[in-house]
Amino acid sequence: MVKFALNEQQKQAVEHQEGPLMILAGAGAGKTRVITQRIVTLVKKGIPPEQILAVTFTNKAAKEMRERVLDLLNKDPDINRPVSARATGMSSPFVSTFHSLGVALLRENARELGLSRHFSIFDRADSMRAVKQAVKHLGLDPKQFEPRTVLSVISRNKADGISAGDYHVDVGNTWRHSIGRIWEEYEKRLKKEGALDFDDLLLRTYMMLRDHEEVRKRCQDRWKYVHIDEYQDTNRVQFAITKMLVGKEGNICVVGDIDQNIYSWRGANLSNLLSFEEEFPGTTLVLLEENYRSTQNILTAANNVIEKNVKRKDKTLFTKNNEGDPIDLYSAYSEDAEAFFVVEKATELIGQGVSPRKIAVLYRANFQSRALEQAFMYAGVPYQVLGTRFFDRKEVKDVLSYIRVALNPHSQGDTARIVSTPPRGIGKMTLAKMLEGKEGELSSAARKKVDEFRGVLASIRNVALRERPSETIRFAVQKSGLEGKLKGGNEEDRERLLNTQELATLASKYDALDPEEGIERLLEDAALATDQDSLEKNHNAVKLMTAHASKGLEFDYVFIVGLEEGLFPHEKLDENTDEEEERRLFYVALTRARKKVFLTHAVVRTIYGSQSIQTASQFIEDIGKNLIRVLAENKSPHERKIDLIDW
C-alpha cells in the first residue's frame, strides 16, 4: 500500500487514549497502519510497551504487526528505549493471535490448572484419531457417529464456551447423549496424553480467567491497553476472553468491519461487534471510510451491494483515487467458455505489461477451479492455486485411486490409500497380508472383508471397461462408499462431494472415446496435471482462490466468476444460514481490486455430469447498470472477439 498521511478520522483513532474505542474500518482504509501508529503513540505518551496487548487472527498478520510496531518503536527518535530492549525485544507490546495468547497464559498458569507446562497440542489428525478411538471404545456405530462430524460438534461447542460436562446435561436426546459420552471419552484421552486440542487453547483460557480471579487480575494489571483486530470474526469464547482481559479502566480498542464478517460457519459472532457499545458504555466510535486501494467505481459498486444488508452499521467507502474503468460483465455459455474468457483477458493484461501476480480469479466453491486450471494450463499462462490443486484434493485422489487399482491390482500405493477409505474393517495387519500376497493366512472374517473389497474393485473394473468415463466416476464414487460417507458429513464434506461430482464433469470430456481408452486418458491427464510443482513455486503467477481465501489480500485486477443463483450467492444449507453473509462475501471479493473488476457467469453449468440452466446472480443487478459494461458471449468457439452491447 502506498504510504499516506493520517486523515482526520485516523488521527482521532491513533490519539485516543482512555476508555473503550471502536474503529469501524472499511476495506482498504489503512487499519493496520492505524493500529501500529496508535500503539507507538501510546508509548510516546508514556505508556510502558509491556502494558500493551494486540491480538489478531492469523500468524501472518500477527508477525507483520509485531515487526511494524517494533520497527517504529526502535526508529522513533522521540522514544528513548534502552539499547538492551532493542536488542532483546524485551519491554515490548505483546502481539499475538488468540491461540498463541492462550498457549502463553496456559503455560504460565499450568500448575494452578493441573496441567504440565509442556502440554502437547493435538492437531486435527490427532483429534480425529482420538475421537475414532473413543467411538470404538464405547461400542458405538462409527457410521452413525462419524469422527469428522463428532469433532465438528465438539469444536463448535467449545467455540461457544461449552465444555463436555455442560454439553452432557441433555440426556433426553439419544444422539446428543451419545455425543456427550464420546466427548467425555475424548477428553479422557486428551488428559491421558497430557494434551489440549486446538479449541482447548481458547476454551481453557476462558475457563481459567473465569474461575481464577487472581489470574484474571494479573492479566488486567499486566495489560492496561487491549487491542483486538478483526473483531467481527471473534466467536463467543474469544469475546468472553477479551472482556475478562479488560480492567476497570476499560481501555480496549477493537477494529473491525461488519461488512467483512464472512466466517459465521467457523463460529464468528456478528453480535460481538454490533453490541460492543452496550457492553462497553462510553465507547468512542470512529469510522474509517476513506479507501486507499480501489477506484471510485469499484467502491460505489461495493457500497451499492452492501447497503442492502440490514445487520450492519452505516458506512460508505470513498476514495480520492480516480473514477476508474467500469466493471465488465461477461455472460458465458458454459463454465469452459467462462474459463477461456478469463484466461484470454488475463493474457491480454499480461501482454500490456501487467505482472501475473497482480491478477486474481475468485470463486465461491473450490470445485470451480478445475475448468480454470485446465484453461490456464492449456494457454500456458502461469497460475497458482491458493489452497489445494483440484487433482491434489484428497477426495479426487481417492476416486482416481479406486479406478487405478481396479485396473491394475498390483498398485500397492493405491490399495493402501483406499482400503480403509471409507472404513470397511480392514486393519493394518490385514492390509500387510494383502500387500504381501499372504491372504491365505487371514481369518475367515478378515478374508470375507477383503473379498468384499475385491468385489468392489471388480465391479468398478467392469464398468470402467464398458461404460463412458463419466459413468465410471459416478459408479466408483457410489460403489466405493465415498458418496454415502460424504453425504452424511458436514459442510466441508459436502464440498468434497461436489469435487467428486466435478471430476465426473471433467470425465465427460472423454466420453466420445472408446471406454477403455477414455478412462486411460483421464488417468494419464490427471497424473500429468498433478505434476506441476513448478507452477506452484512460481510466485509471479495469476492467483486462483476462493473469495473466503482472498480476505486481507489485494490485486490490481480481479475476476469474480460463477456469479449464479445457488452458487454465488450459495444455496441456503439450513435454517441457520446467514443469507446476508453471502452479500458480505461478495463485498469482500469486490474490494480486493485496485484497478478493475471483471464479473462472469455461465448460462449453462455442468454439475455432476448434468447440465443445468443457470440464473445470473442477484448481486449483479445490485451493483447498478450505470457502473457495468456488458461484454457479449462469443458467437462461436472459433471467434475470440468480444463485442460491446447495450444493457
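- A 4.5 Å side-chain heavy-atom check between Pro382 and Met377 finds every atom pair outside the cut-off.
- At a threshold of 4.5 Å between non-hydrogen side-chain atoms, the residues Gln618 and Arg583 count as touching.
- For the pairing with Thr472, the side chain to side chain contact (heavy atoms under 4.5 Å, CB included) check across Val399, Ile519, Asp511 returns one residue only, Ile519.
- Put simply, the side chain of Ser334 gets close to the backbone of Ala337: a donor and an acceptor are under 3.5 Å apart.
- Below 30°, between 30° and 60°, or above 60°: for Phe145 and Trp175 the angle between ring planes is below 30°, a parallel geometry.
- The salt bridge (Lys or Arg N to Asp or Glu O under 4.0 Å) test applied to Glu348 returns Lys345, not counting sequence neighbours.
- For residues 410-424, the set of pairs meeting the salt bridge (charged side-chain N to carboxylate O under 4.0 Å, His left out) definition, not counting sequence neighbours, comprises Asp398-Arg417, Arg404-Asp414.
- Asn499 places a side-chain N or O within donor-acceptor distance of the main-chain N or O of Phe367, the cut-off being under 3.5 Å.
- The salt bridge (Lys or Arg N to Asp or Glu O under 4.0 Å) check on Arg461 picks up nothing, with sequence neighbours excluded.
- In this structure Pro142 satisfies the side chain to side chain contact (heavy atoms under 4.5 Å, CB included) test together with Val135, sequence neighbours excluded.
- Between the side chain of Tyr557 and the backbone N or O of Arg594 there is no donor-acceptor pair closer than 3.5 Å.
- The backbone N or O of Val153 sits less than 3.5 Å from a side-chain atom of Asn157, completing a donor-acceptor pair.
- The ring pair (Phe, Tyr, Trp, His ring centres under 6.0 Å) search around Phe453 returns none, not counting sequence neighbours.
- The shortest distance between side-chain heavy atoms of Gln296 and Asn322 does not fall below 4.5 Å.
- Side chain of Arg629 to main chain of Pro326: no donor-acceptor pair is present (N/O by atom type, distance under 3.5 Å, no hydrogens or angles).
- To the nearest 0.5 Å, atom CG of residue Leu599 and atom CD1 of residue Ile560 are 5.5 Å apart.
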*asked:* Under the criterion side chain to side chain contact (heavy atoms under 4.5 Å, CB included), I'd like the reasoning laid out for Lys311 against Glu580: C-alpha separation, chi angles, the key distance, then a yes or no.
replied: CA-CA 8 Å; Lys311 293 179 287 185; Glu580 291 193 349; 3.4 Å; yes
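- Taking the six-membered ring where the residue is Trp, Phe619 and Phe586 present parallel rings, their angle staying beneath 30° rather than reaching 60°.
- Residues forming a salt bridge (Lys or Arg N to Asp or Glu O under 4.0 Å) with Glu581 (at least two apart in sequence, or on another chain): Arg584.
- Looking at Tyr363 and Thr546, their side chains come closer than 4.5 Å, going by heavy atoms from C-beta outward.
- Rounding to the nearest 0.5 Å places CG of Asn269 at 8.5 Å from CG of Asn261.
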*Assess whether salt bridge (charged side-chain N to carboxylate O under 4.0 Å, His left out) is satisfied between Arg148 and Asp493, documenting all intermediate values.*
CA-CA 9 Å; Arg148 185 179 288 105; Asp493 289 324; 3.4 Å; yes
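- Note that CG of Leu317 and CG of Asp257 are 7.5 Å apart. Values are rounded to the nearest 0.5 Å.
- Contact check on Asp259 versus Lys315 returns a salt bridge, with a Lys/Arg side-chain nitrogen under 4.0 Å from an Asp/Glu carboxylate oxygen.
- To the nearest 0.5 Å, atom CD of residue Gln478 and atom OG of residue Ser459 are 10.0 Å apart.
- A distance-only check finds no donor-acceptor pair linking the side chain of Gln232 to the backbone of Leu273 [under 3.5 Å].
- A side-chain donor-acceptor contact under 3.5 Å links Glu146 to the backbone of Thr149.
- Between the side chain of Arg357 and the main chain of Val542, no donor-acceptor pair closer than 3.5 Å is present.
- In terms of the ring pair (Phe, Tyr, Trp, His ring centres under 6.0 Å) criterion, residue partners of Phe559 (sequence neighbours excluded) are, by chain and number, Phe598.
- Ser152 pairs by the side chain to side chain contact (heavy atoms under 4.5 Å, CB included) definition with Asn490, not counting sequence neighbours.
- The side-chain heavy atoms of Leu497 and Glu395, taken from C-beta on, include no pair separated by under 4.5 Å.
- No side-chain donor-acceptor contact under 3.5 Å links Gln260 to the backbone of Gly256.
- Taking Asn297 as the reference, Thr295, Glu323, Leu627 meet the side chain to side chain contact (heavy atoms under 4.5 Å, CB included) condition, with sequence neighbours excluded.
- Every residue meeting the side chain to side chain contact (heavy atoms under 4.5 Å, CB included) condition with Ser294, not counting sequence neighbours, appears here in chain and number order: Asn291, Ile298, Leu299.
- Expressed to the nearest 0.5 Å, how far OG1 of Thr606 lies from CG of Leu506 amounts to 11.0 Å.
- Using a 4.5 Å heavy-atom cutoff, the side chains of Pro515 and Glu467 are not in contact.
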*Determine, stepwise, if the pair Arg370 / Glu502 fulfils salt bridge (charged side-chain N to carboxylate O under 4.0 Å, His left out).*
CA-CA 8 Å; Arg370 192 274 305 166; Glu502 183 66 4; 3.1 Å; yes
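- More than 12 heavy-atom neighbours from other residues, nucleotides or ligands sit within 6.0 angstrom of NZ on Lys551.
- A donor-acceptor pair under 3.5 Å is absent between the side-chain atoms of Glu565 and the main chain of Gln614, judged by distance alone.
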_Run Glu471 and Arg474 through salt bridge (charged side-chain N to carboxylate O under 4.0 Å, His left out) and show every step you take._
CA-CA 5 Å; Glu471 179 58 32; Arg474 284 192 286 267; 3.5 Å; yes
*Quick one: do Lys509 and Asp336 satisfy salt bridge (charged side-chain N to carboxylate O under 4.0 Å, His left out)? Show the steps, please.*
CA-CA 11 Å; Lys509 296 181 180 299; Asp336 291 323; 2.6 Å; yes
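- Side-chain contact check for Ser617 versus Glu564: every heavy-atom pair is 4.5 Å or farther apart.
- Residues Ile154 and Asp199 have side chains not in contact (no heavy-atom distance under 4.5 Å, counting atoms from C-beta outward).
- Taking Glu492 as the reference, Arg496 meet the salt bridge (Lys or Arg N to Asp or Glu O under 4.0 Å) condition, with sequence neighbours excluded.
- Here Tyr330 contributes atom OH and Leu631 contributes atom CG; the two are 8.5 Å apart, rounded to the nearest 0.5 Å.
- Residues satisfying the side chain to side chain donor-acceptor pair (under 3.5 Å) criterion with Asp160, sequence neighbours excluded, are absent altogether.
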